[in-house]
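I have placed the structure first, in the form of structure tokens, so that the comments after it can refer back to it.
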Amino acid sequence: MHRFFLCLLTLLALAHANDDAINEEMISSGSTSPKQALEEANNLDKLSYAGLEDVFLDTNTIAPHGKYMLLVFGKNGCSYCELLKQDIKQHDALKNFIKAHYSAYYINISYSKMHNFQVGGPHKNREFKLPTAELASIYDVNSTPTIVFANPDGKTIYELPGYMPYKQFLAVLEFVGKGLHKGIKDNKEFISKLRAYILKRTRELNAA
């Protein structure tokens, strides 16, 4: 079971200037302002899933939104991460199923940013401020891509380390997204039923 760690943030006191006072933001220095620089840094990871903005949500806030969560941990220069993204772009079945059943996030561990991590749903919501490295550590990410299927509480249902061809990946998405994993007692039974479902769906997809 994964434990979530609340990061204690230092609160910065904001000085309120008088109406007649000169504020630094009122002076143009001809360079990027600190606020703009922060926004650019926070948005840099969006380039990692360019063309899939309709699938992957902004990682500034990571939340279930009433669905399962699909957390794809990748990094720059990861060839199998690129293969995974190409599969989603090329196969509507993958893209549409993810959009319908998951709140999906592509988390690039090459960058460091703060994530507002919200789990538990509206009635038992818990909120954490986590840097990228700590979020990856919580889910034991040791290689990329690592694909985490999590419930609305943020608890891991299944973790897939590495790339899986699109037909088999679609089967895993369906197995969790359709709730076929519910009622399974242990990991051994989970893997057994998941393998059986992958074989079944692969035969069906090959025959279609």
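These figures come from a predicted structure and were not determined experimentally.
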Worksheet item: Are the charged groups of K46 and E53 less than 4.0 angstrom apart, N to O?
Response: no
Are [X] and [Y] close enough that a side-chain donor and a side-chain acceptor fall under 3.5 Å?
X	Y	value
T132	H115	yes
N76	N108	yes
Y163	D87	yes

Identify the two heavy atoms, one from [X] and one from [Y], that lie closest to each other, and give their separation to 0.1 Å.
X	Y	answer
S143	P161	OG-CB, 4.5 Å
F73	A136	CE2-CA, 3.8 Å
P152	P64	O-CG, 3.6 Å
I98	A104	CG2-CB, 3.7 Å
L160	M164	CD1-CE, 3.9 Å
C81	K75	SG-N, 4.0 Å

To the nearest 0.5 Å, what is the distance between [atom1] on [X] and [atom2] on [Y]?
X	Y	atom1	atom2	value
F190	I157	CZ	CD1	7.5 Å
D186	I184	CG	CD1	9.0 Å
L84	K89	CG	NZ	11.0 Å

Answer whether the closest heavy-atom distance between the side chains of [X] and [Y] falls below 4.5 Å.
X	Y	answer
F97	E174	yes
N151	M69	no
R203	N206	no
I107	V72	no
D58	Y105	no
I62	N116	no
Y102	V176	yes
F149	L70	yes

Practice prompt. State plainly whether one hydrophobic cluster holds both L83 and L52, where clusters connect Ile, Leu, Val, Met, Phe, Trp and Tyr through side-chain heavy atoms under 4.5 angstrom apart.
Written response: yes
Practice prompt. Give the C-alpha distance, both sets of side-chain angles, the deciding distance and a yes or no for side chain to side chain donor-acceptor pair (under 3.5 Å) between T61 and Q118.
Written response: CA-CA 7 Å; T61 296; Q118 301 174 353; 5.0 Å; no
Discussion item. Ring-plane angle category for F117 and Y139, please: parallel below 30°, perpendicular beyond 60°, tilted otherwise.
Written reply: perpendicular
Practice prompt. Would you check if the distance from the ring center of H181 to the ring center of Y68 is below 6.0 Å?
Written response: yes
How about [X]: does its [atom1] atom have over 12 heavy atoms from other parts shown lying under 6.0 Å from it?
X	atom1	result
K95	NZ	yes
K67	NZ	yes
N187	CG	no

Fill in: Short side-chain to backbone donor-acceptor contact, Y106 and L57, under 3.5 Å
no
Worksheet item: Does T202 reach the main-chain N or O of I198 with its side chain, forming a donor-acceptor pair under 3.5 Å?
Response: yes
Practice prompt. Among L71, I147, T146, find the one that has a side chain to side chain contact (heavy atoms under 4.5 Å, CB included) with E159.
Written response: T146
Fill in: NZ or CZ of K85 within 45° of Y49 ring axis and under 6.0 Å
no
